[in-house]
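The next block holds one structure in the form of structure tokens; read it before the comments.
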Amino acid sequence: MSEWGDDNNYLTFDWETSGTKKEYALQPWRIPQGRAWGTSLVWLRHDGEKNRFWGGVQDDEDNPHDYERTRELAKTMLTMARDKKLTIVGWNVQFDIQVLLGYDLEELVFDNKYLDGMLLWKHYFVEPEYDANPKNRQSYSLKQFVREFMPHHAGYETEIDFHDRSPEARAALHAYNKKDNIFTYIGARHYWNVLEPQQRRAALAEAKTIPMFARANFQGLIVDTLSSHDLSNKLTRDARRELKSLQHHGVTEEIVRSPAKLAKLLYDQWGLPVLKETRSKITGVTARSTDKETLHELGLEDERAKGVRNYREALNLKTKFADAMVKSTRYNGDFRVHPQAIIFGTYSGRLTYASSQKGTGPGVRAGTTKNILLPIGFALHQMKNDKLFRGQVVAPVGFTVMEFDAAGQEFRWMAIKSGDETMLQLCMPGEDAHSYMGAKIAGRDYHWIMENKEEDKEAKNARKSGKVGNLSLQYRTSARKLRVVARSQYDIPMTEGEAKVIHFTYQKTYTGVPKYWRAQIALTRKIGYVETLGGRRVQVVGDWGGPLSWSMESTSINYPIQGTGADQKYLAMACIAPYLRDIGAYFAWDLHDGIYLFVPNDKVQRAAVDIKYILDNLPYKRAWGFSPPIPLTWDCKTGPSWGGLRDYHPDKGAK
DNA sequence: CTCCCTTGCGCC
DNA sequence: AAAGGGCGCAAGGGAG
């Protein structure tokens with residue numbers, strides 16, 4: 001696919017929405033509940049000469065919203081697009097597709113193909129965000145596009161009231177919607193035309209997944225709130241137990257929740273040694289750290305510090321991952337949570353999930369309002385990897401959760417990108433990279449470790465060290481940091497000397513990796529951007545001798561690995577989409593290297609084989625022009641809930 | 001009281 | 001000199 005081509009092949013569309021509360025306008029899952037609805041639908045075809053609009057206002061004071069009438073209008077659009085084989089174009093079209101789903105048009109939605117101007121813009125220009133302040137982030141909104149490219153139209157959205165039902169206001173809204181269509185058309189065409197061919201391919205693969213994400217966002221996830229209550233109570237008991245043994249030492253909830261107060265207690269009152277300080281990048285102010293790693297180190301010598309760590313953890317987990325689930329299901333009113341997948345939410349192309357929407361609520365003083373966060377979902381990407389926590393998310397009745405995860409994803413892409421012969425060999429069938437690294441570290445025989453890793457303690461520990469090394473050292477981690485991670489996250493005792501040995505052994509074993517680091521940095525400095533195997537790009541420009549140089553170098557190294565992982569995931573989703581539709585399965589959520597599906601119970605056995613076959617044989621050559629030198633395989637797990645996933649074995653599955 | 005910034009921390 | 005990367009969310013603390 002090259003230039004934009006015949007304008008007649010595209011159709012833009014846009015919904016305006018409202019609700020019984022303003023905030024419901026952005027929550028399409030409330031449409032079936034009657035709490036949200038479309039107020040204006042417009043679609044546009046441009047024939048190269050002039051704009052041809054269709055659509056209409058869907059409610060005002062005189063003509064209240066009629067679900068069936070609105071549905072018929074949307075159906076007309078989707079049917080025409082399907083029959084004429086048009087590409088449907090939107091701006092953040094994932095949202096507008098959710099509205100279509102709200103009108104019960106799923107079959108027609110999936111009969112069509114989509115393109116998204118916002119997505120194309122991101123593919124054209126994305127930069128890493130070294131500035132943590134979200135206010136300074138690049139906006140990719142349609143309004144921002146208009147401000148930048150058509151400044152004479154900037155501010156066309158002011159004066160528009162989405163919730164005023166007077167016929168005059170609705171007429172203005174509808175006219176505004178027409179403008180949105182025109183700008184969407186101009187923006188999408190512009191960004192499509194300026195993309196390089198390989199960027200277009202990456203964008204198209206991603207665009208194919210848009211309806212899958214829209215459906216997942218719309219449907220939400222079912223929460224077993226009884227489990228949530230049990231978990232919440234358990235965490236309350238855990239916290240109380242910890243506090244009981246700590247309160248004689250002056251610990252309170254208020255102190256533990258405050259880093260400043262906790263530092264005073266730990267270091268001034270208890271007189272513990274200060275192992276680490278934090279320094280603000282902005283003000284340069286230092287503070288004595290009370291983070292988890294510090295508490296872990298202190299806890300090796302002092303039981304109280306260990307207790308503080310456990311106490312704080314229980315408090316945090318309860319709020320964020322147990323109570324938040326119940327709160328969200330209550331807010332949504334459908335016993336579901338709707339964490340919203342944001343396609344291309346990161347500069348590396350990986351997804352993010354939003355758990356809340358911005359809204360306003362009553363202020364403390366009468367007649368005032370304040371900004372609040374509406375709990376539409378939960379922090380899916382951060383959910384604790386523990387059965388009790390993940391078990392809260394269950395499959396719908398009649399369905400099974402299936403997980404497919406790309407085996408050793410980052411290790412394999414690093415092997416490919418670095419071309420390191422040892423790494424590549426370790427990705428071949430029958431090899432075990434962690435045993436190999438463990439053998440190198442311990443000075444033992446590789447096959448002895450592999451064969452005895454289950455029974456022999458020495459072999460087991462060696463492999464464990466090898467695993468930490470393989471997982472931690474791919475991206476320039478120091479020996480010191482390795483030790484902290486091993487001790488505080490993997491619970492592996494490690495001296496400074498041992499950490500240095502592992503650090504040294506890693507670079508000695510995979511000599512191609514440090515070479516890749518250097519080459520990648522040099523290349524990026526030269527051309528000013530980094531590229532993935534799927535053709536995705538990120539701009540890296542700035543002062544290579546300045547304070548951001550370490551970050552810029554890291555982007556150069558890291559992006560081809562993480563970004564290619566993202567490409568792989570989108571390609572995987574696009575390739576399994578037709579099969580999922582065939583068997584009545586659907587995409588549920590994503591976790592970077594894992595794809596989670598809801599599959600009808602009686603189709604699980606077949607799907608385990610068929611989907612794995614598709615995924616193990618993805619068309620990298622056709623899609624990216626790249627032939628992997630090693631197998632890129634996927635593992636399959638199944639279960640009744642996220643927390644209940646087990647490795648799938650065809651023999652057991654058949655019983 | 002509200003808003004903004006920082007710290008800490010969950011995941012891959 | 002030393003430095004894994006990518007995120008979003010909860011909570012405290014201080015400015016206004």
Side-chain angles (χ1 to χ4, degrees), chain A residues 128-130 132-135 137 253-263 276-283 285-295 309 312-313 315-321 323-324 339-340 342 345-356 360-361 363-365 368-373 375 377-386 389-390 405-406 409-410 414 471-482 484-485 488-489 503 506 513 517 538 547-563 565-566 569 590-594:
Chain A
E129 303 289 352
Y130 299 132
N133 189 346
K135 281 182 76 173
R137 278 188 204 155
E253 180 172 336
E254 186 191 347
I255 289 174
V256 163
R257 286 192 188 276
S258 161
K261 289 173 185 161
L262 184 57
K276 189 165 98 177
E277 291 199 317
T278 59
R279 172 186 281 271
S280 163
K281 273 184 187 165
I282 293 159
T283 61
V285 172
T286 59
R288 296 167 296 183
S289 176
T290 60
D291 71 11
K292 191 174 172 175
E293 287 165 2
T294 305
L295 290 179
R309 184 186 162 189
R312 185 171 62 188
E313 188 179 30
L315 291 174
N316 289 345
L317 293 177
K318 174 173 146 64
T319 309
K320 191 167 181 181
F321 297 126
D323 296 348
Q340 298 288 292
I342 302 165
T346 74
Y347 82 72
S348 61
R350 303 211 297 198
L351 279 149
T352 58
Y353 277 86
S355 70
S356 58
T360 52
V364 172
R365 280 189 296 263
T368 63
T369 60
K370 64 171 177 176
N371 295 331
I372 58 169
L373 292 173
F378 70 105
L380 190 146
H381 269 93
Q382 298 155 263
M383 178 53 88
K384 189 158 175 64
N385 189 352
D386 179 301
F389 288 81
R390 295 194 166 179
D405 77 287
Q409 191 186 53
E410 292 203 9
M414 179 57 96
L471 295 182
S472 304
L473 295 171
Q474 200 145 278
Y475 306 114
R476 304 196 298 180
T477 310
S478 64
R480 170 194 271 252
K481 177 78 176 167
L482 170 70
V484 172
V485 169
S488 67
Q489 288 181 29
H503 190 258
Y506 181 91
V513 173
W517 295 343
V538 67
L548 291 180
S549 60
W550 177 265
S551 298
M552 291 161 68
E553 290 177 9
S554 292
T555 297
S556 316
I557 290 165
N558 174 281
Y559 180 82
I561 311 296
Q562 278 195 358
K569 199 256 315 294
D590 151 285
L591 215 54
H592 304 322
D593 62 351

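The basis for the numbers below is simple: all heavy atoms, side chains too, and nothing from hydrogens, waters or symmetry mates. Below, chain A is the first sequence line, B the second, and so on; all start at residue 1.
- Side-chain contact of A:Tyr506 with A:Ser472: a donor-acceptor pair under 3.5 Å is absent, judged by distance alone.
- Side chain of A:Asn385, nearest nucleotide from C:dG5, C:dG4, B:dC11: B:dC11.
- Of the charged side-chain nitrogens involved, none lies within less than 4.0 Å of a carboxylate oxygen, so that A:Arg312 and A:Glu253 do not count as a salt-bridged pair.
- For the pair A:Thr290 and B:dG8, the criterion of a side-chain N or O lying under 4.0 Å from OP1 or OP2 is met.
- Not a single donor-acceptor pair, N or O on each side, falls under 3.5 Å between the base of C:dG4 and the side chain of A:Gln474.
- Ion pairing of A:Arg350 with A:Glu410 is present here, as a side-chain N (NZ or NE/NH1/NH2) and a carboxylate O approach within less than 4.0 Å.
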Contact string for nucleotides 7-16 of chain C, one letter per nucleotide 5' to 3', B = base within protein heavy-atom range under 4.0 Å, S = sugar-phosphate only, - = neither, reads SBBSSSS---

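- Whole-Å rounding puts the A:Asp590 CG to C:dG6 P distance at 18 Å.
- Look at CD1 on A:Ile557: it is 12 Å from P on C:dG4, rounded to the nearest Å.
- Taking the six-membered ring for Trp and thresholds of 30 and 60 degrees, A:His381 and A:Tyr353 have ring planes inclined between 30 and 60 degrees apart.
- Remark: A:His503 pairs with no residue by the ring pair (Phe, Tyr, Trp, His ring centres under 6.0 Å) rule, at least two apart or across chains.
- To the nearest angstrom, C1' of C:dG6 lies 13 Å from CD of A:Gln409.
- Here the P atom of nucleotide C:dA2 and the CG atom of A:Leu548 are 21 Å apart, to the nearest Å.
- The distance from atom NZ of A:Lys569 to atom P of C:dG6 is 17 Å, rounded to the nearest whole Å.
- We find that the ring of A:Tyr475 and the base of C:dG5 do not stack by the test of centres under 5.5 angstrom and planes tilted less than 30°.
- A:Arg309 comes within 4.0 angstrom of no nucleic acid atom, judged by non-hydrogen atoms across all strands.
- Along DNA chain B, the nucleotide nearest A:Ala287 and the nucleotide nearest A:Asp593 are compared for position; the residue whose nucleotide lies closer to the 5' end is A:Ala287.
- Of the candidates B:dG10, B:dC9, C:dG4, B:dC9 carries the atom nearest the A:Arg312 side chain, counting heavy atoms from C-beta on.
- Protein atom CG of A:Leu380 is 12 Å distant from nucleotide atom C1' of B:dC12, rounded to whole Å.
- Nucleotide C:dA2 has no partner under the Watson-Crick or G-U criteria, as no pair reaches both atom distances under 3.5 Å.
- Ranking B:dC9, C:dG5, B:dG8 by closeness to the A:Ser289 side chain, first place goes to B:dG8.
- Nearest nucleotide to the A:Phe321 side chain, out of B:dG10, C:dG6, B:dT7: B:dG10.
- Computed from coordinates, the A:Leu482 CG to C:dA2 C1' distance equals 16 Å when rounded to whole Å.
- Between the base of B:dC12 and the side chain of A:Arg350 there is a donor-acceptor pair shorter than 3.5 Å.
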Going through the distances and angles, do A:Glu553 and A:Trp517 end up as a side-chain contact (heavy atoms from CB on, under 4.5 Å)? CA-CA 8 Å; A:Glu553 290 177 9; A:Trp517 295 343; over 6 Å; no

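- Nearest heavy atoms, A:Thr555 versus A:Pro128: CG2-CG, 3.9 Å.
- Checking the phosphate oxygens (OP1, OP2) of B:dT2, no side-chain nitrogen or oxygen of A:Asn371 falls inside 4.0 Å.
- The existence of a salt bridge linking A:Asp590 and A:Lys569 is confirmed by a sub-4.0 Å separation between a basic side-chain nitrogen and an acidic carboxylate oxygen.
- Both A:His592 and A:Arg480 sit near DNA chain C, but only A:Arg480 has its closest nucleotide nearer the 5' end.
- Rounded to whole Å, atom C1' of B:dC9 lies 7 Å from atom NZ of A:Lys292.
- The phosphate of C:dG4 (OP1 or OP2) has no side-chain N or O of A:Trp517 nearer than 4.0 angstrom.
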